[in-house]
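Only one structure is covered here, and it is reproduced in the block below.
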Amino acid sequence: MGIYLNPGNAGFEEIRRDIYVDKSGLISFVNSLIGKPKPLVSFSRPRRFGKSYDANMICAYYDKRCDSRFLFEDLEIAKDDTFEKHLNQYNVITFDVTGFIADSKDNDTNIVLNIKNTLLEELRAAFPGCIRDEEKNLGKALYAVVSKGNAKFVFVIDEWDALFREYKEDKQLQEDYILFLRSLFKNKDTTSRTIAAAYMTGILPIKKYGTESALTDFREFTMTAPDALAPYVGFTEREVLDLCDRNHLDFEEVKLWYDGYSFDNVGSVYSPNSVMQAIERKVLRNYWTSSETYESLATYIGMDYKGLKKDIIRMLGGEAVRVRVSKFQNDMTSFKSKDDVLTLLIHLGYLSYDAETKTVVIPNQEIVDVFGDAVDGEGWEEIGELIQESDDLLDATLCGDSDAVAEALEKVHAANSSILQYNNEAALSSAIMIAYYTARRIYKIVPEFPQGKGFADLVFLPRRGSDKPVMIVELKYDKDADTAIRQIHENRYDGDLKKYFGNLLLVGINYDKDAKGVNAKRHSCVIEKV
C-alpha cells in the first residue's frame, strides 16, 4: 500500500464506525460504466456535502490490495448484481489536489509536475521492472504496468478543481493541469486499455472554453444538472427523517434550518455536514460559520453587475429570481453578468437552483444567516440598516404597536422602491418578507397559508419551543387595514391555529398608493390580539 497507490480501506472503515448514511449506490453507477466507452465521471458539489467521504468509499471498494467485503456487505451496493464482479479488483490511484498545492507552497515546486512525478515514483516502487527509468509520461507508465498482466486502474481525484480556485489568475498553470488530465484520460491508444474507471469530485464543474468542456470525455454531474446522481448530492429527506428518529431531533426544525436544495425525482436534499453537526451537538444553528465563508460570499455578491444587488435583496425577502446558467465558464474569474455570479453561488451551495423554472432562491435559514453577515458591510448600508431595524419591527408587532409597524414599512418602501414596484398585494407581500427578515430566526413564515375558507396571506409559525404567538398577516391594497382584519375573522383564518398554538396576533396591513401630502402615510396597520 502507498500514499496514492492502493491506499487501502482504513479511511472508509473509520467513517463506518461513526454515524453513517448509506451512499454506496454511487458505486453501482460507476460499476455500470466499467467496460463501456468513457467510464469517466465528474461529480461537483459544494463544500460540506460529503465529497471526501464518497472518495474514501470508492477507493475502499475497488482497491485490490485489501478485503473490503465486511465494510459493504450490509450496504445497498451489496444487493447490486455487479457487487462481486468489481469488489477489490483494481489498482486504485487517488489524490487530493489540495495536498499537492500545500506541498508546492512549502517547497516552491511545480504543482502539475509534482503530481505526475510523485505518482510515477509510487508506480515504480510497487511494480518494479515494469516502467522504463527514462519514462516521464504517466499514461504510458500505466500502460506498461497493465501490459505486464497487472490489473487496470481506477482513478479517484478529490478537489480536482482546487487549482482553478486557489490560482484564479494563473491561466498557464490551469492550462498545464488540463493538458495533464487530458493526457491521462483522452489518449486513444492507452486510456481504454489501462483505466477501468475514473471518478473526480470538486466544487466547480469542469472548466469550459466558450461552450466546450475542457474534458469532453467525462460524464458530468453538477448542482445545476445532477441527473442520475441527484440522490448522492447530499442527504435525502428520507435519510434525514431516519437520522432524526434515531437521534431524537425534531425533524420539522431540522427541515427549517437545513432543507432547501431540491432536484427532480429526489425532492429535498440537505447539507450532510450541517445535519451531522446538529446531531452531534444537539443544537440547531448555522454551521457554515467561518470568516472565509462570509468574506468569499461578500466578494461575489458585491460585484457591480447590473441588477445583482436588487436580486440579492429580493431573495432575502424570500423571492425566487430567474437566472441563466448556460453562459457560466466554470471558473472564479470569467464573470460577464449577474447570471455568472448567481450560477457560481449555486455551485458553492449559497443558492438553490430549480431547473424547471430556471430560478434560484436562498435555500434555508442557515444560508439566510450567512447572507445576513455577508451584506453587513460597505456597499450594503441600506440592507444592513434594514436588518438592524427588522428586530425592532418584530418587537413592535409583538407589542401591538401598529403605528411603529406602519412607520417601519414606510422605511422599507423608501429604501427599496426601485426593487419593490408597488402595484399589487404580491409586491406588498415581498416588502413584508424583507421587513421581517430577522423574524425567520424564530418564525417559519408561510405565504398563502391554507386556513378556514381560503388562504391567509402570511402566517408566522413560531419554532418549536418558542413562547411567541402565531401571527396571521392579511394584506390589502388601496383599501384599509380594518378590512384586512375583518377578512381574517370572516374567513376563519384563525380557527385551526388557535387550537394548536393558543395566543394569536392578527395583523392587517394596507398600502394606499394615492396617499398624498408631506405627512401622508402609504402604509397603515391594525393589530389585534386574540
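Note that the coordinates shown come from a computational prediction; the quantities given were computed from them, not determined experimentally. One-based numbering along the sequence shown.
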Side chains of [Y] and [X]: any donor to acceptor distance under 3.5 Å?
X	Y	value
Lys306	Ser337	no
Lys140	Ser183	no
Asp331	Ser334	yes
Thr359	Asp354	no
Tyr62	Asn31	yes
Glu366	Ser274	yes
Asp176	Gln172	yes
Asn114	Asp103	yes
Asn117	Glu121	no

If you look at every heavy atom in [X] and [Y], which pair is closest and at what distance?
X	Y	answer
Leu215	Ile206	N-CG2, 3.8 Å
Cys66	Asn88	O-CG, 3.1 Å
Gln89	Lys64	C-CB, 4.0 Å
Arg45	Thr201	NH2-OG1, 4.0 Å
Pro363	Gly349	CG-O, 4.3 Å
Asp63	Gly8	OD2-N, 2.6 Å

Under the salt bridge (Lys or Arg N to Asp or Glu O under 4.0 Å) rule, what pairs show up with a residue in residues 270-283, not counting sequence neighbours? none
Could you check whether the rings of [X] and [Y] sit parallel, tilted or perpendicular, using 30° and 60° as the cut-offs?
X	Y	answer
Trp160	Tyr177	parallel
Tyr90	His86	parallel
Phe328	Phe335	parallel

Ring-face cation of Arg285 near Trp257 (centre distance under 6.0 Å, axis angle within 45°): no
Does Tyr167 have Arg165 sitting over its ring (NZ/CZ under 6.0 Å from centre, angle to axis within 45°)? no
With heavy-atom distances below 4.5 Å as the criterion, would you say the side chains of [X] and [Y] are in contact?
X	Y	answer
Phe83	Asp81	no
Thr216	Lys186	yes
Arg69	Glu84	yes
Pro205	Asn330	yes

Report the residues that fulfil side chain to side chain contact (heavy atoms under 4.5 Å, CB included) with Val361, sequence neighbours left out, ordered by chain and then residue number. Ala320, Ser352
Would you call [X] and [Y] a salt bridge, taking side-chain N to carboxylate O under 4.0 Å as the test?
X	Y	answer
Lys255	Glu237	yes
Lys23	Glu239	yes
Arg238	Asp242	no
Asp74	Arg16	yes
Glu175	Lys207	no

Spatial distance of atom CG (Asn9) from atom CE (Met57) [nearest 0.5 Å]: 13.5 Å
Centres of the Tyr199 and Phe155 rings: under 6.0 Å? no
Assess the pair Tyr20 and Phe12: is the distance between their ring centroids shorter than 6.0 Å? yes
